[in-house]
Amino acid sequence: MKNFFDAADKKSRKPARLDLIQSLSGLVLALFMWTHLLLVSSILLGKKAMYTLTGIMEGKFLTGGDHGFPIIVTIIGIGIFSIFILHAGIALRKFPISWRQHKILRDQMKTMKHGDTNLWYTQFLTGFIMFFLGSVHIYILTTHPAEIGPYASADRFVSDWLWPLYFILLFAVELHATIGMYRLAVKWGIFDGKNPRATRKRLKMAKNTLTVFFLVIGLASFAAYMKIGLEHRDRAGERYHPPSEQAELSRGEHQ
Amino acid sequence: MSNDEQGRTLKFHILKYDPQLEGDEPRMVTFEVDEAPGMTIFIALNEIREKHDRSLQFDFVCRAGICGSCGMLINGKPDLACRTLTSRFPRGEITLLPLPAFELIGDLSVNTGEFMRSMSERVEGWIHDQEQESVDLTRIEERMDPDLADEIYELDRCIECGCCISACATKRMRDDFLGAVGFIKVARFALDTRDKRTDEDWYEIIGNDDGVFGCMTLLGCEDNCPKDLPHQHKIAYLRRRMVKVT
Amino acid sequence: MKIIYTDSLIIGGGLAGLRVAIAARKRGYESIILSLIPAKRSHSAAAQGGMQASLAASVKSRGDNEDIHFADTVKGSDWGCDQKVVRMFAHTAPKAIRELATWGVPWSRVRAGDREVVINAERVTITEGEDAHGLITSRDFGGTKKWRTCYTADGTGHTMLYAMDNKAIELDIPVHERKEAIALIHEGNRCLGAVVRDLINGELIAYVARATTMATGGYGRLYSVTTNAVISEGIGTAIALETGIAPLSNMEAIQFHPTAIVPVGILTTEGCRGDGGLLKDVDGHRFMPDYEPGKKELASRDVVSRRMTEHIRKGKGVPSRYGDHLWLDITLLGKAHIDKNLREVKEICEYFLGIDPSKDFIPVRPTQHYSMGGIRTKPTGESIGLHGLFAAGEASCWDMHGFNRLGGNSVAETVVAGMIVGEYVADYCEANSLDFKTSTIESFVNRERKKIDDLIARSSGEEVYELKKSMQAIMMEKVGIFRNGDGLAQAVEELQALLKRSRNIAIQNKVRSSNPELVEAIRVPKMLKLALCAAVGARDRTESRGAHSREDFPARNDREWLKRTLSTWKDEADELPTQEYVDLDIMEMEMPPGSRGYGNDETIHHADTAVREKQIEELKKSMPNADRHEMQEAIMPYVLPEKYRGKNERVGVGYE
Ligand SMILES: Cc1cc2nc3c(=O)[nH]c(=O)nc-3n(C[C@H](O)[C@H](O)[C@H](O)COP(=O)(O)OP(=O)(O)OC[C@H]3O[C@@H](n4cnc5c(N)ncnc54)[C@H](O)[C@@H]3O)c2cc1C
Ligand code: HEM
Ligand code: HEM
Ligand code: SF4
Ligand code: F3S
Ligand code: FES
């Protein structure tokens with residue numbers, strides 16, 4: 001037997017695709033952000049480590065020279081920004097569209113006190129915040145691709161007064177990403193297995209652990225940048241060079 | 001049923017509002033009831049009606065947790081009132097509200113029946129099989145895998161109480177959203193080999209933002225279904241199947 | 001005045017009502033169902049254990065057929081049934097189940113190979129045949145020779161009702177919910193429909209139809225403790241009685257189920273014992289084999305209930321603050337079995353008792369459960385007094401259960417009756433047009449309106465809740481499992497007094513729309529009439545038969561009491577029903593009265609029994625080559641609608 005419904009007025013496949021894109025973009029963003037945070041946190045291993053890593057990212061090993069291709073940063077920036085906007089655009093469709101809807105949502109949360117509903121609201125709020133703050137951040141970095149490094153970044157924290165933005169963004173992104181990944185798993189039943197309920201419990205544990213893990217790393221890096229930034233305040237604008245290079249540099253100057 | 005609950009006085013805070021009466025306004029009213037051992041909210045409400053307020057409206061039918069009539073918000077959570085023992089509330093304060101997302105008939109009584117019927121009509125919740133009418137009833141029935149029968153029964157256990165609907169913020173924000181009970185029905189019939197509908201057919205029913213793609217995986221349904229139906233698992237399953245249709 | 005016309009009006013949206021509506025609708029007649037509640041919430045949903053039909057697929061049911069189902073049912077009824085109706089039923093039940101299978105009931109299926117079961121307290125391995133793999137399976141139930149009860153775990157009634165209602169939705173049959181029929185409309189002896197009160201806005205509506213079917217279920221709420229739903233108040237039965245011309249039958253035949261939990265009376269299914277559960281007393285002793293060495297826990301319900309009561313009276317009950325009870329032990333079935341096949345039981349134990357039935361014993365006591373009596377009809381389902389009024393399901397008494405129904409035979413009856421009566425309803429719609437005087441309709445609606453007006457206007461009078469409670473207590477105490485002349489005489493007197501008082505009910509809440517107190521005030525006088533029919537019937541029936549058990553007349557007395565009780569309420573002003581008796585004709589029986597095989601047989605036999613036995617013997621001899629169907633036809637011919645006459649196929653034996 002074929003369709004029970006008239007094939008002529010088939011339902012659009014768009015909602016299915018959008019839902020999938022929402023999840024895939026979320027997945028890419030989350031993976032990117034986790035990597036991003038690990039990269040950023042290289043500062044914890046010392047200025048040199050961060051410097052080297054930045055260099056690798058910029059492809060310095062290809063030129064062997066000083067600058068590498070900061071354009072890589074710009075390209076990644078534009079790429080991520082597009083995904084970011086795409087993701088946000090699709091997510092927008094799920095937002096409460098009116099004050100009335102928002103009020104219903106809040107009332108519902110107040111009476112039911114239901115964990116996963118609250119998690120969604122957290123995602124909604126953090127997403128909203130990231131939309132603005134994240135855009136600013138990406139814009140700055142994309143337009144100043146070469147200015148990433150232990151001092152440059154730390155200066156941005158302190159001297160360019162971006163630390164409040166980063167502070168908020170840090171919480172937003174870590175909450176949003178881990179909740180998002182948890183939601184991704186339960187939404188598509190990826191790890192359901194024989195006992196989906198037990199799986200969900202485990203996923204939630206994993207989610208909480210990851211949130212804490214990334215927040216701790218993030219805050220530590222935050223502190224590190226702040227410290228460097230504060231110490232480096234009066235020399236803001238100066239670039240970091242690892243001791244070896246510094247030696248080279250100074251040798252050159254002498255010549 | 002432990003002894004230490006004896007002698008307590010319970011405080012019930014109940015929403016009173018009769019839309020049939022002109023000028024009536026929603027208000028919370030508090031009633032006191034002496035707790036008896038083994039007392040359920042069913043017993044308590046009947047006592048309140050007899051002793052304190054003859055007009056109090058609520059719905060019970062089976063009073064055994066099987067018919068799905070008595071869903072209400074019990075201290076904020078949707079649940080079956082008939083099988084909720086008052087001893088579950090250590091503070092002795094119980095707030096009762098009608099299930100949201102349904103038409104209010106009066107006080108704690110809501111119109112879940114009409115809702116469920118139109119939900120059934122919407123998902124065409126019956127076996128679709130054009131040969132059905134020509135089955136010869138004297139013949140041995142068509143065979144079915146025993147495990148499949150058990151699996152279908154798992155989903156058929158839904159009692160249409162509406163708790164999953166009230167527990168879903170998405171449903172409350174968006175009137176046309178099908179809601180969890182609808183997904184359970186679809187999953188039930190999609191599983192059933194006697195129903196000849198294809199995934200394309202199902203897509204026509206749930207393939208949009210009022211259907212499975214509108215579900216934001218809030219899981220209020222999963223966490224509040226008194227029959228413990230596997231909402232999360234089944235909605236995920238439907239979502240995967242529907243995405244494959246494209 | 002609002003009037004709604006239709007071809008077939010069905011009052012009641014349980015299994016019986018839905019099936020009648022579907023039958024009529026399929027024959028092209030517009031049908032409307034009225035129900036107090038959404039159809040899927042009807043009490044049919046509460047049936048857990050299963051539905052009897054002789055499919056004979058499971059190994060323990062091999063060899064089963066209509067004949068054995070028939071014999072079990074007749075014995076179960078203590079020969080108080082109409083054997084032709086039982087034949088109609090047993091023959092159609094397999095078709096009913098197969099039809100429901102196509103409509104979506106996920107019947108539990110046979111799994112080929114070995115499986116462990118508990119029989120008589122021992123774990124036994126049985127081997128299901130390859131040839132039956134995937135066919136509908138069955139379990140053991142009380143009072144049956146074979147494992148005949150088909151089921152879906154322990155949610156049988158639920159899945160049946162859902163499949164049935166879904167079918168009704170598919171056929172676009174409207175269910176008018178939250179509507180209560182409060183009177184039947186009739187012109188002379190032709191029923192024209194019902195006066196109906198909208199339970200939300202209080203409006204009175206006349207539903208006018210060619211055929212009206214009463215499928216309003218049982219009246220367990222005449223008792224203070226019952227397994228029945230709170231809406232099982234028998235109002236449909238009562239309004240038929242109030243016509244003064246539609247008789248009720250066997251109202252004293254009221255069944256007590258052995259295993260309802262204490263104190264609330266919620267049922268744990270017979271499937272518990274069917275699957276191997278045991279009854280134990282205060283010493284943990286399994287006592288049923290002492291009384292019934294043959295069928296033990298799986299004797300007929302009435303028997304088990306009485307034995308339990310006897311045992312409690314001997315001081316072997318478990319004392320509790322709610323009085324003595326006994327234990328139901330299903331721990332021996334194992335957690336896996338309970339989690340899968342007795343889930344509802346498990347939930348009930350957890351939520352209402354706070355116990356785990358795979359570890360703890362369940363406190364149980366016999367509790368009011370089922371009403372065999374009801375609106376007396378012919379085998380077609382039509383009332384014997386009021387044309388155009390049909391009845392089906394628990395509300396009716398076409399009389400297939402006699403004085404005791406077997407577990408699993410009731411949901412089966414609702415569907416089978418729905419199928420058969422539905423055809424006759426359609427026939428009736430075909431043969432009869434609607435002609436009536438509008439003034440008739442008006443006068444009925446006005447009469448009901450006036451009653452309600454009077455109720456609301458009365459400023460002081462009787463308390464409705466108090467009357468109801470008194471009635472329930474009297475029924476419980478004096479018209480219970482064991483009955484005796486004095487108690488019953490008192491019961492009648494007291495109920496009569498209550499009925500008089502009920503004519504002077506005053507309510508506190510004067511609202512005309514949704515008003516629970518008003519609903520009670522309308523119902524209680526009707527319930528009192530039913531209670532009186534039951535009490536008078538029990539008082540006058542000086543014998544014990546099936547569930548009707550008189551301590552002062554312990555023997556079944558076929559000589560004087562092989563009769564059906566008919567009750568009518570001739571005049572609204574009457575305080576007692578008018579009782580009549582109709583003989584059950586042994587000379588027409590396929591199975592003349594014999595022993596049920598419980599305890600000592602003290603039956604006082606009827607002279608015709610021996611004559612008929614001999615007659616059948618000779619008939620059998622004269623037809624040595626006849627197969628079982630031909631033989632049956634020769635002994636007791638019965639009529640069925642054409643479409644249900646075919647023989648039933650079974651695995652391994654075909655259409656044999
Ligand atoms: C707890 C329990 C367990 C049971 N288990 C089994 C079992 O395992 N096997 C078995 O065979 N039997 C079992 N039975 C018996 C069986 O379930 C019932 O006898 C049967 O379901 C009755 O069906 P029905 O269609 O006649 O009525 P119901 O299902 O009771 O339906 C009655 C309908 O009538 C409507 N109604 C009533 N009064 C009015 C009115 N005045 N106006 C309008 N509508 C009205 C109601 O709204 C309802 O829709 C059990 C019974 C109980 C109580
Ligand atoms: C503009 C900023 C963003 C907004 C407004 C936003 C909003 C949302 C919303 C509302 C959801 C829930 C979608 C649903 O319920 O179906 C969501 C899901 C998700 N988001 Fe974001 N988000 C943003 C940025 C990000 C970023 C930067 C990441 C990565 C860290 C991310 C990762 C995820 C993930 C993994 C999901 C789960 C996907 C899913 O449910 O399908 N989001 N986002
Ligand atoms: C291509 C895009 C991105 C690049 C190249 C990038 C790069 C960086 C760099 C280099 C830093 C170190 C501080 C600095 O130099 O200013 C940083 C910090 C940070 N970034 Fe990004 N980022 C990108 C996208 C994002 C996005 C989308 C978010 C979140 C929505 C984000 C959130 C943060 C946060 C919170 C910090 C501070 C970390 C901390 O305090 O430990 N970044 N990013
Ligand atoms: S799915 Fe669960 S919560 Fe929802 S209606 Fe069914 S039983 Fe109730
Ligand atoms: S609560 Fe609602 S949003 Fe989806 S997961 Fe359940 S239907
Ligand atoms: S009254 Fe039936 S579930 Fe509560």
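Below, chains carry the letters A, B, ... as their sequence lines are ordered, and counting in each starts from 1.
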Residue from Asp165(C), Ile348(C), Thr159(C) scoring the most non-hydrogen pairs under 4.5 Å with chain B is Thr159(C)
Is it the case that the side chains of Thr138(B) and Tyr655(C) hold a donor-acceptor pair, with the cut-off being a distance below 3.5 Å and no angle test? yes
Within the supplied structure, the quantity of interest is the number of heavy atoms (other residues, nucleotides, ligands) at a distance under 6.0 Å from Glu114(B) CD; does it exceed 12? no
Looking at Leu21(B), Ile159(B), Asp192(B), Ile152(B), which one has more heavy-atom pairs under 4.5 Å with chain C than the rest? Ile159(B)
Contact summary for Asp18(B) and Ser514(C), nearest pair of heavy atoms: OD2-O, 4.2 Å
For the side chain of Arg157(B) and the backbone of Leu229(B), is there at least one donor-acceptor N/O pair under 3.5 Å apart? no
Could you look at Asn341(C) and say if it's the side chain, the backbone, both or neither that has a heavy atom under 4.5 Å from chain B? neither
I'd like to verify something: which residue of Gly65(B), Ser69(B), Ser109(B), Pro19(B) has the highest number of heavy-atom pairs under 4.5 Å with chain C? Ser69(B)
Checking Lys51(B) against chain C: side chain, backbone, both or neither under 4.5 Å from a heavy atom? neither
What's the verdict on salt bridge (Lys or Arg N to Asp or Glu O under 4.0 Å) for Arg54(B) and Glu463(C), showing C-alpha distance, side-chain angles and the deciding distance? CA-CA 11 Å; Arg54(B) 290 288 163 94; Glu463(C) 265 291 329; 2.8 Å; yes
So does Ile456(C) get a backbone contact from the side chain of Lys510(C), meaning a donor-acceptor N/O pair under 3.5 Å? yes
Sort Val175(C) into side chain, backbone, both or neither according to what part of it lies under 4.5 angstrom from a heavy atom of chain B. both
Measure distances from Val651(C) to the heavy atoms of chain B and classify the residue's part below 4.5 Å as side chain, backbone, both or neither. both
With a 4.5 angstrom heavy-atom cut-off, could you sort out which part of Val61(B) is near chain C: side chain, backbone, both or neither? both
What residue in Lys40(C), Glu517(C), His158(C), Glu170(C) has the most heavy-atom pairs under 4.5 Å with chain B? Glu170(C)
The residue among Ile105(B), Asp107(B), Leu73(B), Leu15(B) that forms side chain to side chain contact (heavy atoms under 4.5 Å, CB included) with Pro98(B) is Leu15(B)
Write down the atom of Leu18(C), the atom of Leu161(C), and the distance for their closest heavy-atom approach. CD1-CD1, 3.7 Å
Using heavy-atom distances under 4.5 Å, tell me whether Asp136(B) contacts chain C through its side chain, its backbone, both, or neither. side chain
Atom group of Arg188(B) that falls short of 4.5 Å from chain C, counting heavy atoms: side chain
Heavy-atom pairs under 4.5 Å with chain B are the metric here; pick the option from Arg343(C), His43(C), Glu350(C) that has the most. Arg343(C)
Which atoms of Ala132(C) approach chain B - backbone, side chain, both or neither, heavy atom under 4.5 Å: backbone
Give the member of Ala229(C), Pro106(C), Ala101(C), Ala46(C) that has the highest number of heavy-atom pairs under 4.5 Å with chain B. Pro106(C)
Looking only at heavy atoms, the pair that brings Cys150(C) and Ala53(C) closest together is SG-O, 4.1 Å
Toward chain C, the part of Arg83(B) with a non-hydrogen atom under 4.5 Å: both
Engaged part of Lys469(C) at the chain B interface, taking heavy atoms whose separation is under 4.5 Å: side chain
As an exercise: rank Ile507(C), Leu267(C), Val105(C) by heavy-atom pairs under 4.5 Å with chain B and give me the winner. Val105(C)
Side chain from CB out, backbone as N, CA, C, O: work out which of these in Leu80(B) comes under 4.5 Å of a heavy atom of chain C, or both, or neither. neither
Does one side chain, of Arg8(B) or Ser87(B), offer a donor that lies under 3.5 Å from an acceptor on the other? no
With a 4.5 angstrom heavy-atom cut-off, which part of Glu347(C) approaches chain B: side chain, backbone, both or neither? side chain
Chain B contact via Arg512(C) - side chain, backbone, both or neither, heavy atoms under 4.5 Å: neither
Taking side chain as C-beta onward, heavy atoms only, is Cys158(B) less than 4.5 Å from Val181(B)? yes
Against chain B, label Arg645(C) side chain, backbone, both or neither, depending on which of its atoms sit under 4.5 Å from a heavy atom there. neither
Please classify the contact of Ile37(C) with chain B as side chain, backbone, both or neither, using a heavy-atom distance under 4.5 Å. side chain
Contacting moiety of Thr227(C), where chain B heavy atoms sit under 4.5 Å: backbone
When you compare the side chains of Lys95(C) and Asn648(C), does any donor N or O come within less than 3.5 Å of an acceptor on the partner? yes
Please rank Ala39(C), Pro38(C), Ala96(C), Gly134(C) by heavy-atom pairs under 4.5 Å with chain B and give me the top one. Gly134(C)
Hey, which of Asp145(B), Asn111(B), Asp59(B), Val135(B) has the most heavy atom pairs under 4.5 Å with chain C? Asp59(B)
Counting only non-hydrogen atoms closer than 4.5 Å, does Lys340(C) touch chain B with its backbone (N, CA, C, O), its side chain (CB onward), both, or neither? side chain
Which heavy atom of Ile169(C) sits nearest a heavy atom of Ser120(B), and at what distance? CD1-CB, 3.7 Å
Region of Glu99(C) that comes under 4.5 Å of a non-hydrogen atom in chain B: both
Does a donor on one side chain and an acceptor on the other come within less than 3.5 Å for Glu35(B) and Thr86(B)? yes
Closest approach of Arg41(C) and Glu160(B), non-hydrogen atoms and distance? NH2-O, 2.7 Å
Measure Glu142(B) against the heavy atoms of chain C and call it side chain, backbone, both or neither at under 4.5 Å. backbone
Turns out that what part of Ile140(B) lies under 4.5 Å from chain C's heavy atoms comes down to both
Do other residues, nucleotides or ligands put more than 12 heavy atoms under 6.0 Å from Arg139(B) CZ? no
Select, from Ala149(B), Cys82(B), Ser55(B), the one with the greatest count of heavy-atom pairs under 4.5 Å involving chain C. Ser55(B)
Under 4.5 Å heavy-atom distance to chain C, tell me which part of Asp156(B) shows up: side chain, backbone, both or neither. both
Cationic tip of Arg63(B) within the cone over Phe42(B)'s six-membered ring, i.e. under 6.0 Å and within 45° of the normal? no
Distance to the ring centre below 6.0 angstrom and angle to the axis at most 45 degrees; does that hold for Lys234(B) and Tyr237(B)? yes
Please report the shortest heavy-atom distance between Ser108(C) and Ala153(C), naming the atom on each side. OG-N, 3.3 Å
Region of Phe58(B) in contact with chain C, defined by heavy-atom distances below 4.5 Å: neither
So which part of Thr84(B) gets closer than 4.5 Å to some heavy atom of chain C, the side chain, the backbone, both or neither? neither
So for Thr40(B), is it side chain, backbone, both, or neither that comes closer than 4.5 Å to the heavy atoms of chain C? side chain
